[in-house]
Colleague: 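Take a look at the following structure, please.
All chains are named by letter (A, B, ...) in the order of the sequence lines, taking the proteins before the strands, and each is independently numbered beginning at 1.
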Amino acid sequence: MSRGTSLLYHLCRLSLGALFLYAGAVKADDVVAFARNVANYEILPYSWNYVVAATLPYVEVVAGLLLIANRKVRPAALVLGVLTAVFMLALASVDLRGLDIDCGCFDPRGEGHTSARAALLRDFGIMALVVLTYMIRGRMPDPRR
Amino acid sequence: MPPSAETRRILLEAVVIFVLGVVLGLSFHCRLLMNAFSGKQAMSVATENSPVDRFPQPVELEGVRRLIEEGAAPVDARARELYLEGHLPSALSLPLQEAESLPDSFREAVSTDSVLVLYCSGYGCPDSFDLGIILLAEGYRDVRVFEGGFPEWHDAGLPVERGEP
């Protein structure tokens, strides 16, 4: 494997890991506020907004930490890929229904407002990182790690 | 074609990672989830697409304690008799029924820049949420709703004041 490919792999892995570690940590810090963000999507029943808000950040943190530690990279990337795909479906649904909400992707208490369409575009970029990380890791020695 | 052993291993480990995250989340927030599933919760989690532009932000017990320490104003949305029987320290009484035309005394006591923490009788009580809508419409910018309300505060053994403030 070329040095450039190896560099690209580590760049993708660390970017993805840091991104989800940060996203998960800030959401886990205020689960109730994140539940409100989830509720804004108007997809789940009331109580399930809390279940998603209470669990999703920790899945992001665990997968992000594994990527940063360069352990179980392909399973962790797969988890984040599935999550990102689910986010994209939810955001597409918001966009189709014309809801004007903050995506709640990062700090649930933040003042910023990221539209569903902007978040969807960003998720395409994240998905590219996931695919690159997953594919390159599979071509490296000791793919079980 | 059946998945290879490598694919099966990756899928299995991905499931383990997911389950680990879920278990951690459920462990850390089991009380919040029990409340949400007990049927005692407030009317709804606020959504941004209702006729009103903004909604009060929910806040948990620890957040309420912190906000009050930082100078937030607790506001009791229950009936006056319940307020007199016991309320959060330094809380102002503003029953929902009296808030339709906001009393001048309340405007004078609480500036629109204040952080307000509204509460009523717990998860089954929508008054604090409804009061929050009114106060936001009146120009108050930072309005939070403590969904656990007075029962959760009282049950946590936190100090309670009685009578007029």
Colleague: Can you get from Leu67(B) to Leu158(B) by hopping between Ile, Leu, Val, Met, Phe, Trp and Tyr side chains that sit under 4.5 Å apart?
Modeller: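 As far as the 4.5 Å side-chain criterion goes, Leu158(B) and Leu67(B) are connected within one cluster.
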Colleague: Can you get from Met140(A) to Val73(A) by hopping between Ile, Leu, Val, Met, Phe, Trp and Tyr side chains that sit under 4.5 Å apart?
Modeller: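 Yes, because Met140(A) and Val73(A) connect within a single hydrophobic cluster, where side-chain heavy atoms sit under 4.5 Å apart.
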Colleague: Does some side-chain heavy atom of Arg74(A) sit less than 4.5 Å from a side-chain heavy atom of Glu13(B)?
Modeller: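 No. Closest side-chain heavy atoms not under 4.5 Å.
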Colleague: Given a strict heavy-atom distance threshold of 4.5 Å, which part of Phe34(A) is in contact with chain B: side chain, backbone, both, or neither?
Modeller: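 No part of Phe34(A) comes within 4.5 Å of chain B.
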Colleague: List the atom of Ala54(A), the atom of Leu33(B), and the distance in Å for their closest heavy-atom pair.
Modeller: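 Closest approach of Ala54(A) to Leu33(B): CB-CD1, 4.0 Å.
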Colleague: Restricting to pairs with a member in residues 54-76 of chain A, which pass ring-ring contact (aromatic ring centres under 6.0 Å, His included), not counting sequence neighbours?
Modeller: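 Every pair satisfying ring-ring contact (aromatic ring centres under 6.0 Å, His included) with a residue in residues 54-76 of chain A: Tyr58(A)-Phe28(B), Tyr58(A)-His29(B).
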Colleague: Could you note down all residue pairs passing side-chain hydrogen bond (donor to acceptor under 3.5 Å, both in side chains) where residues 116-132 of chain A supplies at least one of them, sequence neighbours left out?
Modeller: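 For residues 116-132 of chain A, and leaving out neighbouring residues, the side-chain hydrogen bond (donor to acceptor under 3.5 Å, both in side chains) pairs sorted by first residue read Asp95(A)-Arg117(A).
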Colleague: Identify the heavy atoms of Val79(A) and Ala14(B) that sit nearest to each other, and give their distance.
Modeller: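 Val79(A) and Ala14(B) have their closest heavy atoms at CG2-O, 3.3 Å.
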Colleague: Heavy-atom distance under 4.5 Å to chain B: side chain of Leu56(A), backbone, both or neither?
Modeller: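 Neither part.
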Colleague: Given heavy-atom pairs under 4.5 angstrom as the criterion, report whether the side chain, backbone, both or neither of Ala77(A) touches chain B.
Modeller: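 For Ala77(A), no heavy atom lies under 4.5 Å from chain B.
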Colleague: Could you list the residues that satisfy disulfide bond (SG atoms under 2.5 Å apart) with Cys12(A), not counting sequence neighbours?
Modeller: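 With neighbours one apart ignored, the set is empty.
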Colleague: Between chain A and each of Leu12(B), Val15(B), Leu11(B), Ile10(B), count heavy-atom pairs under 4.5 Å; write down the option with the most.
Modeller: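 Ranked by heavy-atom pairs under 4.5 Å with chain A, first place is Ile10(B).
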Colleague: For chain A, which residues from residues 18-26 of chain B have at least one heavy atom closer than 4.5 Å to it?
Modeller: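 Listed by number: Phe18(B), Leu20(B), Gly21(B), Val22(B), Leu24(B), Gly25(B), Leu26(B).
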Colleague: Is it the case that one hydrophobic cluster holds both Met88(A) and Leu80(A), taking links as side-chain heavy atoms less than 4.5 Å apart, direct or via other members?
Modeller: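 The answer is yes; both residues are in one hydrophobic cluster.
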Colleague: Are Val62(A) and Phe20(A) connected in a single hydrophobic cluster, I mean Ile/Leu/Val/Met/Phe/Trp/Tyr linked by side-chain heavy atoms less than 4.5 Å apart?
Modeller: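 In one cluster with Phe20(A): Val62(A), yes.
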Colleague: Is there a chain of hydrophobic side chains (I, L, V, M, F, W, Y, each step under 4.5 Å between heavy atoms) that links Leu92(B) to Val117(B)?
Modeller: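 Result: no, two separate clusters.
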